Each structure stands twice: as structure tokens, then as C-alpha cells.
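Heads up: the structure comes next, in C-alpha cells.
All chains are named by letter (A, B, ...) in the order of the sequence lines, taking the proteins before the strands, and each is independently numbered beginning at 1. Small disclaimer: the values here were computed from a predicted structure and weren't measured.
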Amino acid sequence: MQPKQAADKMTESEIEAFRRDLLDWYDRHRRTLPWRAGPAQTADPYHVWLSEIMLQQTVVAAVIPFFLKFVDKWPTVHDLAAADQQDVMDAWAGLGYYSRARNLHKCAQVIAHEYNGVFPQVPAELKKLPGIGDYTSAAITAIAFDRPATVIDGNVDRVISRYFAITEPLPDSKPQIRQYAGMLSEARADRPGDFAQAMMDLGATICTPKSPKCILCPLSGSCKGHESGIHQTLPHKKAKPQKPTRYGYIYWITDRNGRVLCHRRPPEGLLGGMTGLPTSEWGEDIENIKHFLHSDQNAPVKTKAQVRHVFTHFNLMLDGYLIDIKENRVEFPEDYYWVSRKNMQNIEMPTVFKKFVRLML
DNA sequence: TACACGTGGCT
DNA sequence: TAGCCAAGTGT
């Protein structure tokens, strides 16, 4: 194995120039965001934490309405801790990665009950909390408390990879990136929160994955990737395995009163804890998929409705079926329950189920 | 280390 | 249209 290439050292004046150029740019072009403190204002740790959880693998535009809804419903961490888990899951429906919502609620309870409502300020303490890892612990330390921390997200990966022209593919280049990012931010008391946010704003608005706007970039004059013309191709990434497609059936099951059968999904795993509609198992071989409910009395009737949905690691294709329950004697497990047709459009559920509900209503 | 885990916007 | 990608974490 090749020895890891050591990060080239920057001189102290080069580091200071980088930080000054970036922070000057940030002072002129910082984005106004609902959770972000204004210049010279103090951030609310609850808002910073909540926004950072929502922003994990999620774009700012998608987060804003959810953030506003959450702080409106639960203005403090105590309010969130006291909320019903189901209300939190429902409020999160549509934002994705639902384990974040479960961990958010758990974390609020730990903060409220074991930390007296006060967030810890250092990464090592923050990382003990559910849903908070390397990135989020550093981000809260820097942004909420303006303490030095090395904040590395996908934006920082890209900015650093390009600025230092790192050609080793991610994630193998992570140690190098961490070394460079640390060199620029570790133990530097001058505006740690603004520096972290400036790096991410730069990555989100200037040093974008496609068509970076180098002409507007405060760092282009010293960017090694720009100098050698390879910036657009960076960061290199290891090839991802191909996504399989899974198939299955989804059901619109109605009773004599026109009610529709819904399903509370098990707490862990895909879409865990969320409300959905009944489906069969999902598999790559449709021939081997059995219907969820099948009897002579209640035979599934195929519809034209189909649901296609893309998950992170597989594509899904569901064929819609109608089942009309003629006898009220049919018993379902406890996690299935009836909802009036009128209320179906108000039930909060993940997008894959919303798609089917829209087709059927 | 590698994989599970959502969604919507952009190209 | 299909693939890429986004302020990652947990196991």
C-alpha cells in the first residue's frame, strides 16, 4: 500500500490570507437563513442543532419550511422533548432519513432531562448524543458557541479537494482533507463559527459541484485546482455500486364504510416509525412476491396506478391493487388501522406513499 | 470498512 | 431521462 501523502504545509501568512479572503467574502455575501444569527448576533443553540440535523444530506431549500414548522410547534428544546414521538415523526414526514427524527426526539429528551436544557459546547460531549456525529458536533461547537472546531461536510470536502488539487478519490482522501481543514481552522479563535459557515456557503454557492463560479471566488488566486485547470473534475470519487430495482404491490384497501386501511410501520429500518399504506414484500424478482392479503372473498384487483420511487440504494416499482373488504369480520394486526377517505389526504406519510394516495384520490 | 438510510432539484 | 448530489450517522 502506498504511504499516505502528507499534506503540504502552508505558511502562517498563507493561512491567514486564506482566512481573511474567505471571511471578507462571507461578510459581503453570507446567506440569510432562518436559523442563522445575524452579524454580531449570538446563535440559539437549539436552532443551530435543529437545523444541523435537518441539513444532514439535505439541501437548504428543502429544510427551511420544516425548520420553521418545528420552531413554531416546539419553540424550545423542552417543548420538543415533551412532544409525542408520533407528532415529531408526522412533522418530519417528507424530509427523509427518518432515523434523524427518532434521534432528534431522543436527543431533545436527553438535553432536557440530563443536561437541564443546556447543550454541551465541545465536540466530544456533543458526539455522545443521538444523531450527532463528527460533522454535527463540530458544527454546533463552532456555530452555536463560536469555539474552534474543524467542520467538514461535503462542501468542505469539495473546496479543500479543489484548493489543494487532491486527486486521490473520496473517501480515501478524507485523512488528507481533514489535515488541510484542520490546518486552516484548528485552535484558531478568530471567528470559528463564521469560518465554518463561510466554507460551507462558498461550497454551496461558488465552489459548486458543476460549473463552479471561479470568477467570483475569493480564493481563486491561490487555488491549486484552478491553477492547473482540473478543479472542475474534483473531488474524484470511488465508483458506486449499481442500484438494483425492487418490485412489489401496494394496496388501496377499503371497507363498507369507504374507509381506507393504513399501516404504522415498525420503528426501525426503512421508513421506520412512519405511517404508510399496506404493501407486499419488496424484492428483485416479482414472480416470487406474494400478495399481502389474499382470499376468495377479498381478491386484489389490479389498477393502472403504479408508483415509482428512488431510494438511496435501490429503485422501487409498486403496482397498485384494490381490495374491497366485504365482510367486516376481517381482522388485521394491531399496527393496521382504518382512516376515513376524507382524512386520507391529511395523513402525514413518506413521499412514496403520498404518491399512491394522490393517484387514488 | 461498507452498507443502510429519503427526497427533490439540477444538468 | 437518468444520474448526480446535498450542512452524515449508526451499525
Distance between the P atoms of C:dT11 and B:dG6, in whole angstroms?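 One P to the other, the span is 14 Å.
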Between [options], spot the one nearest the side chain of [X], thanks.
X        : options              : result
A:Asp134 : B:dT7, C:dA6, C:dT9  : C:dT9
A:Thr312 : B:dG6, B:dT11, C:dT9 : B:dG6
A:Pro209 : B:dC5, B:dT7, C:dC5  : C:dC5
A:Thr351 : B:dG8, B:dA4, C:dG8  : B:dG8
A:Gln57  : C:dC5, B:dA4, C:dG8  : C:dG8
A:Arg158 : C:dA6, B:dT11, B:dT7 : C:dA6

Does [X] reach a base, just sugar-phosphate, or nothing at all? Heavy atoms under 4.0 Å.
X        : value
A:Ile132 : sugar-phosphate
A:Val310 : base
A:Ile140 : nothing
A:Val60  : base
A:Pro241 : nothing

For residues A:Tyr336 and A:Phe292, establish whether the separation of their ring centroids is below 6.0 Å.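 Yes, the ring of A:Tyr336 comes within the 6.0 Å limit of the ring of A:Phe292, centre to centre.
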Aromatic contact, A:His231 with A:Tyr163 (centres under 6.0 Å):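 No, they do not, as the ring centres are separated by 6.0 Å or more.
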Any salt bridge linking [X] with [Y]? Criterion: basic side-chain nitrogen under 4.0 Å from a carboxylate oxygen.
X        : Y        : answer
A:Glu12  : A:Arg188 : yes
A:Lys127 : A:Asp134 : yes
A:Arg30  : A:Asp201 : no

Mind calculating the distance between [atom1] ([X]) and [atom2] ([N]) to the nearest angstrom?
X        : N      : atom1 : atom2 : result
A:Tyr135 : C:dG10 : OH    : C1'   : 18 Å
A:Ile53  : B:dC5  : CD1   : P     : 19 Å
A:Leu202 : C:dA6  : CG    : P     : 14 Å
A:Leu55  : C:dG8  : CG    : P     : 8 Å
A:Glu268 : C:dG10 : CD    : C1'   : 10 Å
A:Phe311 : B:dG8  : CZ    : C1'   : 14 Å
A:Lys355 : B:dT7  : NZ    : P     : 8 Å
A:Lys240 : B:dA4  : NZ    : P     : 14 Å

Would a distance-only check, ignoring hydrogens and angles, find a side-chain to backbone donor-acceptor pair under 3.5 Å from A:Glu14 to A:Thr11?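 It does hold such a pair.
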Any A:His313 side-chain N or O less than 4.0 Å from OP1/OP2 of B:dC5: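 So the side-chain polar atoms of A:His313 do come within 4.0 Å of the phosphate oxygens OP1 or OP2 of B:dC5, strictly under.
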So, does A:His309 get its side chain near the phosphate of B:dG6, meaning an N or O under 4.0 Å from OP1 or OP2?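 No, A:His309 has no side-chain N/O under 4.0 Å of OP1/OP2 on B:dG6.
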Would you say the side chains of A:Ser185 and A:Arg19 form a donor-acceptor pair under 3.5 Å?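 Per modelled atom types, A:Ser185 and A:Arg19 side chains form no pair under 3.5 Å.
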Do A:Gln56 and A:Arg100 meet the criterion of a side-chain donor-acceptor pair at a distance under 3.5 Å?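 On atom types as modelled, these side chains do not qualify, holding no pair under 3.5 Å.
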Should the side chain of A:Thr136 and the base of C:dG8 be counted as holding a donor-acceptor pair, with the cut-off at 3.5 Å?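 There is none.
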Can you find an N or O donor on one side and an acceptor on the other, under 3.5 Å apart, linking the side chain of A:Thr58 with the base of B:dG6?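 Result: at least one qualifying N/O pair found.
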Map A:Pro350 and A:Ser211 onto DNA chain B by nearest heavy atom, then report which one ends up closer to the 5' terminus.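 This one resolves to A:Pro350.
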If you find the nucleotide of DNA chain B closest to A:Phe314 and the one closest to A:Lys238, which residue's nucleotide is nearer the 5' end?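 With A:Phe314 and A:Lys238 compared, the 5'-side residue is A:Lys238.
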Partner of A:Arg264 under side-chain contact (heavy atoms from CB on, under 4.5 Å), chosen from A:Met274, A:Glu334, A:Gln86: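 Testing each of A:Met274, A:Glu334, A:Gln86 against A:Arg264, the sole residue satisfying side-chain contact (heavy atoms from CB on, under 4.5 Å) is A:Gln86.
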On DNA chain C, nearest-nucleotide positions of A:Glu52 versus A:Asn315: which is more 5'?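 Between the two, 5'-proximity favours A:Asn315.
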Any residue in residues 93-107 of chain A with a heavy atom nearer than 4.0 angstrom to DNA chain B? Just list them by number, or reply none.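 Here the set is A:Gly94, A:Leu95, A:Gly96, A:Tyr97, A:Tyr98.
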